[in-house]
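Reading through the structure tokens given below for one structure.
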Amino acid sequence: MEFDQEKYLTLLAEKYPTIQSVCREIINLSAILNLPKGTEHFMSDLHGEYEAFYHILNNCSGVVREKVDMLFEEKLSDAEREQICTLIYYPREKLELIKKEVMNLREWYRETLTELIEIAKTLSSKYTRSKVRKAMPEEFAYIIDELLHVQRDEDDNQVIYHREILTTIIELDNADEFIVALADLIKRMAVDRLHIVGDIFDRGACADQILDLLMKYHSLDIEWGNHDILWMGAAAGSKACIANVVRNNLKYDNTEILENSYGISLRKLSLYAEKLYPGLEPMQAALKAITVMLFKLEGEVIARHPEYEMDDRRLLHRICWDKHTNRHTIELEGQTYELTETEFPTVDPEHAYQLSAEEEEIMDELCMAFVNSSRLNEHIRFLYKKGGMYKTFNGNLLYHGCIPLDNEGNFEGICIDGRMYKGRAYLEYADKTSRRAYLSGRKQSDLDFMWYLWCGRRSPLCGRNIKTFERSYIADPSVWHEDSDPYYKFYKTEKTCNMILREFGLYSSFSHIINGHTPVRTGKGEMPVRANGKLIVIDGGFCRSYHKTTGIAGYTLIYNSHGIRIKAHQPFESVYTALRDNKDIESKSELVETEKERLMVKHTDNGRKILEDIEGLKKLLDAYRDGTIEQGNL
């Protein structure tokens, strides 16, 4: 479609009807371009660890403590600085404790408010006054705006004005609410944009609470992980995804998120499983029952889609049944293995992948529960609204898993309906199909593809050959090994990373790939920064079960106007301990890249958009001045 400049300028003139209004906006936008770039934080693989994530969100990955130390290291003791940090993180809760301990509360309020204003002033200095004002709670916006912009004059009139405002706030018993407002503003100004690079769900118990937090966050994007897509597929009605979700939560003893948070009852499954396996605890029996149902459902999906090239994962029909001894075996790659499981009461060897009538009934009920859970669907709709398979932002490429490659390091993919999808086209196809599966039609082929994204051999979210059957039923760990996509060999090279970045339209030498999914084994000497700084893996193991593997408890990548650094976090004890002892998460910071010149808004994606807006405004200004367009409101 040909660009209609006259129509564009006419529409622009409705918003800026005079030469003066155009000039004012050009001056304003030009000034914004020369402000420092806002701070971005990147986190991944949260896996339901709500308290640790909540604390890191509150302490802004340690940035708040850094600013407090910078401002007050010589003025306040370590204990005093720790207390003011905890007050910023949890203002309401900490205030209740402080008010029981402080003798002269009025003086404490005055000192604390002054300190909080100083912190807010420092953090808000890189933003326009308008943006800071919009971030303030409406009831305190005018007062905070005044306090942040107090200037000393000859007679200290403004300083006196500042002091009187604080005195009045304290006298009116409004100091608590004002402290809460300032704490929220400080946290809001510390991080301009949050990126969650996948896997909010599973393992930890409180993914729903994490999503509740994220839904209130001021500016963020989410790159879907394999565990996220699994829940999205379940909410869309994929029975194979549903069976996986239920099995994962039984395995990790997290059934509360299903039953209490999302209202998905496992009662029918539990009663059925107890009847099948009377010698087991109810949840163990339920895990055993859903595992068999899972292999049946997955076998049907694979049979429907030969293009997935996963027929070797259909293993139920390959079991050699010994009905006399119940010592069943299976042959894998020329070797015979005895199964640890002896009871398969619902598997018909002649129709191994057919659900029994009771299994069918259970899956129908679970499907109905997932599809109709209002709270789950609220969260899933949020994931679709804020998320996607990948994102390019300020020169960086963000995705959770991998870009599938072949053994030579070239793009690999999947052939669907006669068309081969690789590289960027593959991720865009996956994004489009995932949206279609949930938002329109819920076709079986789209639902099946959601399952494939969860665990498919060439899935960009999975990146390995899943061995659930072997891990469930074979004792020999040699068959548990899950081959990874060649991506995980080649992504250590700068050449491969540059190839991937170019595929997504990023040609700058300052561009990076931000990757999650595979925990960095810090304890074994692995480093998050790879390929000569072109790729950064930020899965540091938020999940408690990974702490021994990684040696830490999560990473945050911080990208501000000075450069990029990564923070490694130690395990978080509890919010209670943080409140009682002012105990913060210990974090170690490591520089990844330092900018020679400070990055400004003009160097960002938003800056490029502003430059385009300025160009349009200049054309409108010329049109006003040469009479092509007549000014209004004169």
Side-chain angles (χ1 to χ4, degrees), residues 27-43 56-57 59-71 73 88 118-136 148-149 185-197 217-221 391-398 501 506-514 528-529 533-536 538 555-568 587-614:
I27 293 165
N28 176 47
L29 293 176
S30 298
I32 290 172
L33 286 174
N34 291 285
L35 286 170
K37 170 194 173 299
T39 300
E40 300 172 56
H41 282 199
F42 304 76
M43 300 168 76
I56 288 174
L57 210 60
N59 80 356
C60 305
S61 306
V63 169
V64 169
R65 179 59 193 261
E66 290 171 358
K67 297 300 181 186
V68 169
D69 287 345
M70 180 188 78
L71 290 168
E73 192 164 17
I88 292 167
E118 192 64 27
I119 298 164
K121 189 183 295 186
T122 299
L123 284 165
S124 62
S125 62
K126 65 165 65 176
Y127 303 109
T128 64
R129 192 164 176 172
S130 171
K131 182 169 182 173
V132 175
R133 184 79 180 260
K134 288 173 184 174
M136 298 174 188
L148 292 184
H149 297 94
L185 178 64
I186 286 166
K187 289 178 284 195
R188 166 67 182 82
M189 293 291 100
V191 181
D192 193 45
R193 179 85 173 196
L194 177 64
H195 308 278
I196 303 295
V197 192
Y217 204 78
H218 59 271
S219 178
L220 84 158
D221 52 75
K391 190 170 189 69
T392 58
F393 195 89
N394 288 343
N396 294 316
L397 172 61
L398 289 58
L501 288 165
L506 299 174
Y507 297 91
S508 169
S509 59
F510 300 105
S511 292
H512 310 83
I513 296 169
I514 317 295
V529 182
K534 296 304 291 184
L535 182 138
I536 307 164
I538 61 168
Y555 283 124
T556 307
L557 189 70
I558 301 172
Y559 180 28
N560 61 20
S561 59
H562 298 290
I564 298 177
R565 59 195 172 115
I566 194 161
K567 280 209 164 192
S587 303
K588 183 181 178 183
S589 184
E590 177 187 332
L591 280 173
V592 175
E593 191 172 279
T594 304
E595 300 295 339
K596 292 178 182 177
E597 294 183 12
R598 195 173 189 188
L599 290 173
M600 300 297 173
V601 171
K602 62 187 174 186
H603 301 118
T604 67
D605 293 348
N606 187 45
R608 281 187 283 277
K609 182 181 179 302
I610 290 173
L611 284 168
E612 290 174 5
D613 291 344
I614 290 173

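Quick caveat, the model's predicted, so the values are computed rather than measured. Nothing fancy with the numbering, it's 1 onward along the sequence.
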Step by step, would you call Leu148 with Met136 a side chain to side chain contact (heavy atoms under 4.5 Å, CB included)? CA-CA 12 Å; Leu148 292 184; Met136 298 174 188; 3.8 Å; yes
Go through it in stages, so that I can follow the logic: the residues are Lys187 and Leu57, the test is side chain to side chain contact (heavy atoms under 4.5 Å, CB included), and I'd like the CA-CA distance, side-chain angles, deciding distance and then a yes or no. CA-CA 8 Å; Lys187 289 178 284 195; Leu57 210 60; over 6 Å; no
- Item | Lys131 and Asp192: CA distance, side-chain angles, deciding distance, salt bridge (charged side-chain N to carboxylate O under 4.0 Å, His left out) verdict | CA-CA 11 Å; Lys131 182 169 182 173; Asp192 193 45; 2.8 Å; yes
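- Proximity of Thr122 to Met70: side-chain heavy atoms (C-beta onward) are separated by under 4.5 Å at one or more points.
- Within the 4.5 Å cutoff, no side-chain heavy atoms of Met600 are placed close to those of Leu33.
- We find the CD1-OG1 distance between Ile564 and Thr594 to be 9.5 Å, quoted to the nearest 0.5 Å.
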Give the intermediate values and the outcome of salt bridge (charged side-chain N to carboxylate O under 4.0 Å, His left out) for residues Asp613 and Lys609. CA-CA 6 Å; Asp613 291 344; Lys609 182 181 179 302; 3.3 Å; yes
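- Of the charged side-chain nitrogens involved, at least one lies within less than 4.0 Å of a carboxylate oxygen, so that Glu66 and Arg565 count as a salt-bridged pair.
- Contact record, Ala190 with Cys60: CB-SG, 3.6 Å, taken as the closest heavy-atom pair.
- Scanning both residues, Arg598 and Ser561, for their nearest heavy atoms gives NE-OG, 2.8 Å.
- Between the CD1 atom in Ile119 and the CG atom in Leu185 there is a gap of 11.0 Å [rounded to 0.5 Å].
- For the pair Val601 and Pro36, the tightest heavy-atom approach, listed with the atom from each and the gap, is CG2-O, 3.8 Å.
- Side-chain contact between Leu599 and Asn394 is absent, with no heavy atoms from C-beta onward closer than 4.5 Å.
- Counting heavy-atom neighbours within 6.0 Å of Lys67 NZ, excluding the residue itself, gives a total of 12 or less.
- Between Phe42 and His195, the ring planes are parallel. Angles under 30° get that label, and only those over 60° would be called perpendicular.
- Enclosure of atom CZ in Phe393 by more than 12 non-hydrogen atoms of other residues, nucleotides or ligands within 6.0 angstrom is indicated.
- Inter-residue side-chain proximity for Arg65 and Asn59 is flagged as unmet; no heavy-atom pair is nearer than 4.5 Å.
- Two residues are said to be in side-chain contact when any heavy atoms from C-beta on lie closer than 4.5 Å; Lys602 and Asn34 meet this criterion.
- One N or O on the side chain of Tyr127 and one on the backbone of Met189 form a donor-acceptor pair closer than 3.5 Å.
- Side-chain contact check for Lys126 versus Leu35: every heavy-atom pair is 4.5 Å or farther apart.
- To the nearest 0.5 Å, atoms CD (Glu612) and CG (Leu29) are separated by 12.0 Å.
- Note that Lys37 lies in the cation-pi zone of Tyr559, set by a 6.0 Å cut-off to the ring centre and a 45° limit from the axis.
- Atom CG of Leu220 sits about 7.0 Å away from atom CZ of Arg193, to the nearest 0.5 Å.
- Here the straight-line distance linking atom CG of Leu506 with atom CG of Leu501 works out to 5.5 Å at 0.5 Å rounding.
- Between Tyr217 and Val191, the closest side-chain pair of non-hydrogen atoms falls below 4.5 Å.
- Distance CD/Glu40 to CG/Asp221: 8.5 Å, rounded to 0.5 Å.
- Side chain of Lys534 to main chain of Ile513: no donor-acceptor pair is present (N/O by atom type, distance under 3.5 Å, no hydrogens or angles).
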